[in-house]
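Nothing here was measured: the structure is a model prediction, and the numbers come from that model.
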Amino acid sequence: MGDTDARKIVFVTGAASGIGRAAAEAFVRRGYATALADVNEEAGAKVEAELRALGECTFVACDVTDDDTVRDAVAAAVATYGRLDAAFNAAGIDGEHGKPTAECTMENWNRVIAVDLTGTFSCMRYELPAIVDAGGGSIVNCASVAGLRGAPSVPAYTAAKHGVVGLTRAAAREYAVHGGARERHLSRDSRHPDVPHLDGARGDRAPRRHQPDRAAGRGERDRRGRGVAVRGRAGLPHRPGHRGRRWRRRLTRPSS
């Protein structure tokens, strides 16, 4: 996309590592001008230097737990590239592992909710107006299999990711264009946090057991007739077989 007016602009959080880093590279390779947002400024600057060899990108410091820095980061992306067409919200943490719900500390609970759920909300509340002003686009939120079923020993993470799925579905119904939006999910396995199962992220399809499923949802145009497709990405249980088929039927049933 050599034409500056034709290229798409995307804002990626958590872009300095893991899924966010992989997604940012995929966007840059496909010609998107990419705003790389992360709280780790040293790692973010390094990623920017690496990805500039592939295409247009710029690093913006962003702590998703600080609403003011999120506002400034999105504004910086719009100021740099003129508009915003898409966003991928990948910033997140697991928090403590191995503790049942009653032993989850308030410090851990508050931190995980602040980063994973409130941080996603904070990003969306600035991304949505910018994308609507640009004429519409897409937002993808990184969820988890823990957002679809209970994950023992990580209660805060499970609650946060369930919240991300619900928030995504609510926004999809509010902002979806042409009367519908898909709720697709990216599977993130906490055992392998740096392995993104992004279909087509590097030109390959995800392994069969990690293939994202799709669920139809209904949406409405906003008052100006413009819309934003808001998608969440989580995944099916990793174990194949009858249990997975039951989940697939439930996920693909149209929402009421």
Side-chain angles (χ1 to χ4, degrees), residues 1 4-41 43-52 54-92 115-143 164 167-168 171-172 174-177 181 184 186 196 198 201 226-233:
M1 291 187 180
T4 300
D5 293 332
R7 70 184 177 186
K8 297 294 186 180
I9 316 301
V10 62
F11 183 84
V12 180
T13 69
S17 63
I19 292 172
R21 165 67 171 77
E25 180 176 337
F27 280 120
V28 173
R29 286 183 180 276
R30 294 183 181 187
Y32 283 73
T34 305
L36 310 167
D38 203 282
V39 68
N40 189 330
E41 296 188 30
K46 181 179 179 182
V47 170
E48 177 187 19
E50 294 169 351
L51 296 188
R52 275 194 176 276
L54 304 176
E56 177 60 35
C57 63
T58 187
F59 173 73
V60 290
C62 179
D63 178 355
V64 298
T65 66
D66 183 336
D67 191 67
D68 288 342
T69 69
V70 175
R71 177 199 61 207
D72 294 345
V74 174
V78 173
T80 299
Y81 295 118
R83 68 179 191 280
L84 187 63
D85 300 297
F88 180 52
N89 297 317
V115 175
D116 294 2
L117 178 54
T118 308
T120 299
F121 165 70
S122 182
C123 290
M124 290 178 68
R125 78 191 206 96
Y126 295 110
E127 294 161 353
L128 282 164
I131 293 174
V132 169
D133 286 345
S138 296
I139 295 176
V140 176
N141 294 325
C142 186
V164 169
L167 175 63
T168 301
E174 294 164 351
Y175 290 90
V177 68
R184 295 182 299 171
L186 168 72
L198 289 169
R226 299 174 179 175
V228 183
V230 184
R231 301 177 175 89
R233 298 181 74 95

Q) Considering residues at least two apart in sequence or located in another chain, which fulfil the side chain to side chain contact (heavy atoms under 4.5 Å, CB included) criterion with A43? A) A16, N40
Q. Atom CG in N89, atom CG in D116: separation rounded to 0.5 Å?
A. 11.5 Å
Q) How long is the span from the CG atom in L36 to the NZ atom in K46, to the nearest 0.5 Å? A) 14.5 Å
Q.
Do R7 and Y81 have side chains that approach each other closer than 4.5 Å (heavy atoms only, starting at C-beta)?
A. yes
Q) What distance do D67 atom CG and D72 atom CG have between them, rounded to the nearest 0.5 Å? A) 9.5 Å
(Q) Main chain of V164, side chain of T168: is a donor-acceptor contact present, judged purely on distance under 3.5 Å? (A) yes
Q: Examine distances only and state if a side-chain atom of D85 and a backbone atom of G137 form a donor-acceptor pair shorter than 3.5 Å.
A: no
Q: Taking all non-hydrogen atoms of both residues into account, name the closest pair between C142 and I19 and its distance.
A: SG-CD1, 4.1 Å
Q: Write down the atom of C57, the atom of R52, and the distance for their closest heavy-atom approach.
A: O-NH2, 2.8 Å
Q. So L51 and R21, side-chain contact (heavy atoms from CB on, under 4.5 Å) or not? Walk me through it.
A. CA-CA 10 Å; L51 296 188; R21 165 67 171 77; 3.7 Å; yes
Q: Take L167 and T120 through the test side-chain contact (heavy atoms from CB on, under 4.5 Å) and record every step on the way to the result.
A: CA-CA 9 Å; L167 175 63; T120 299; 4.2 Å; yes
Q | Closest heavy-atom pair and its distance - A90, T13 | A | N-OG1, 2.9 Å
Q: Begin from the C-alpha positions of V64 and S122 and carry the test side-chain contact (heavy atoms from CB on, under 4.5 Å) through to its verdict.
A: CA-CA 7 Å; V64 298; S122 182; 5.9 Å; no
Q. Residues two or more places apart in sequence or in another chain: which of them pass side chain to side chain contact (heavy atoms under 4.5 Å, CB included) with A49?
A. none
Q. At what distance, to the nearest 0.5 angstrom, does CD1 of I131 lie from CD1 of I9?
A. 11.5 Å
Q: Apply the test side-chain contact (heavy atoms from CB on, under 4.5 Å) to residues F11 and V74: give CA-CA distance (whole Å), side-chain angles for both, the deciding distance (0.1 Å), then the verdict.
A: CA-CA 7 Å; F11 183 84; V74 174; 3.9 Å; yes
Q. Could you give the distance from SG (C62) to CZ (R71), rounded to the nearest 0.5 Å?
A. 11.5 Å
(Q) So does A130 get a backbone contact from the side chain of R83, meaning a donor-acceptor N/O pair under 3.5 Å? (A) no
Q.
If you compare all heavy atoms of Y126 against all heavy atoms of P129, which two are closest, and at what distance to 0.1 Å?
A. O-CD, 3.5 Å
Q: Mind checking the OG1-CG spacing from T69 to D66? Nearest 0.5 Å is all I need.
A: 4.0 Å
